[in-house]
Amino acid sequence: MTVPLIILGVLVVVTLFSFRSISLNKINTLSDLTRDKQAVKTQYDYLVRRKADLEAELAEKEKLLTALVSSQQGPRIKTASEMRIDEDSEDERVSNLLLSMGKISLEENEKIKKKMDVLKMDFLTTSLALGFIDSELSQKIKKDQIRPKR
Amino acid sequence: MLDVDTIYLLLVMIGFILVAIVLLHSHSCTDTIRKKRNEVLNVTHRLEKMIATLEQEVAALQIRVEEVDDRISFLQEQVEP
């Protein structure tokens, strides 16, 4: 009776050992797979966050750039007035000046030039007559910006 | 009392049952692992594609940020020489 009991005991132990090693193998493999998935997901999350940060940074810097460009109006006026000013006629200088100040658009500039011939007036008066600039600006340009004719 | 032959026959039957239990458990675990592996592979493949796209977008954004930085520095130098 002892021998069959020993054989039974050995069978049970071997079965339990096999059962345990199969379960352990399954747990290890599943945890490895989960770790791999988590690693890829972490990388993806990092890139999503990085993209959001960069977009926010870009938006902020573009706002700053726009502000800087707007604040460059003064120097732009200077640059425009310096730009081949001796070679241009007075009308051209006023045209360049108003364009550089952003007071008139290119389309309005062309419209003024066409109307100048019809109205027989200079550029500044024509743009004033057409309502593209106000009289205050016109006076200022006449006083400060336009150099006397040689 | 059972005779010796019957006891050994019972032992053999118990042995078969135990082997069947181990085989079933092994099959079940292999199946679970296979399903999980396929799931992880699918997710990884999908995420890797998205990661590649995101990396390109991030690189493009970095270049744009650098360009804007350069322009800002240039303008700031003009304002405060």
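Computed over heavy atoms, backbone and side chain alike; hydrogens, waters and symmetry mates excluded. Residue numbering restarts at 1 for every chain, and letters A, B, ... go by the order of the sequence lines. Source: prediction; values computed, not measured.
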Same cluster (ILVMFWY, side-chain, under 4.5 Å), B:Val12 and B:Leu23: no
Which residue, A:Glu55, A:Lys51, A:Arg50, forms the side chain to side chain contact (heavy atoms under 4.5 Å, CB included) with B:Glu57? A:Lys51
Cluster check A:Val94, A:Leu130: I/L/V/M/F/W/Y, side chain < 4.5 angstrom: yes
Just so I understand: if I count every heavy-atom pair under 4.5 Å between each of B:Val4, B:Ile14, B:Val22, B:Ile33 and chain A, which residue has the most? B:Ile33
Please indicate whether A:Lys115 has more than 12 foreign heavy atoms, meaning atoms of other residues, nucleotides or ligands, lying under 6.0 Å from its NZ. no
CZ/A:Phe17: more than 12 non-hydrogen atoms of other groups inside 6.0 Å: no
Applying the 4.5 Å side-chain criterion to the ILVMFWY set and letting contacts propagate, would A:Leu16 and A:Ile27 be lumped into a single cluster? no
Taking every non-hydrogen pair under 4.5 Å, which of B:Val58, B:Val40, B:Leu41, B:Ile72 racks up the most with chain A? B:Ile72
Using non-hydrogen atoms only, which part of B:Leu11 is less than 4.5 Å away from chain A: side chain, backbone, both, or neither? both
Contacting region of A:Thr15 [heavy-atom separation from chain B under 4.5 Å]: both
Report the distance from atom SG of B:Cys29 to atom CD1 of A:Ile22, rounding to the nearest 0.5 Å. 6.5 Å
Specify which of A:Leu33, A:Leu64, A:Ile7, A:Leu11 makes the most heavy-atom pairs with chain B at under 4.5 Å. A:Leu33
Counting only heavy atoms not in A:Glu60 (residues, nucleotides, ligands), do more than 12 fall under 6.0 Å from its CD? no
Donor on one side chain, acceptor on other, A:Ser23 and B:His25, under 3.5 Å: yes
Do B:Leu47 and A:Tyr46 belong together in a cluster built from hydrophobic side chains that touch within less than 4.5 Å? yes
Is chain B contacted by the side chain of A:Val48, its backbone, both, or neither, given a heavy-atom distance below 4.5 Å? both
For B:Leu54 versus A:Tyr44, what's the shortest heavy-atom pair and its separation? CD1-CE1, 3.5 Å
Rounded to the nearest 0.5 Å, what separation is found between the OG atom of A:Ser18 and the CD1 atom of B:Ile21? 11.5 Å
Is there a path of hydrophobic side-chain contacts, each under 4.5 Å between heavy atoms of I, L, V, M, F, W or Y residues, that connects A:Val69 with B:Val65? yes
B:Gln62 portion near chain A, given a 4.5 angstrom heavy-atom threshold: both
Separation of B:Arg64 CZ from A:Lys61 NZ (nearest 0.5 Å): 13.0 Å
So do the side chains of B:Val43 and A:Val40 get within less than 4.5 Å of each other, counting heavy atoms only? no
For the CG atom of B:Asn42 and the NZ atom of A:Lys37, what is their distance to the nearest 0.5 Å? 10.5 Å
Find the distance between CZ (B:Arg37) and CG (A:Asp36) and round it off to the nearest 0.5 Å. 9.5 Å
For the atom pair CG (B:Leu18) and CG (A:Leu8), what is the distance rounded to the nearest 0.5 Å? 8.0 Å
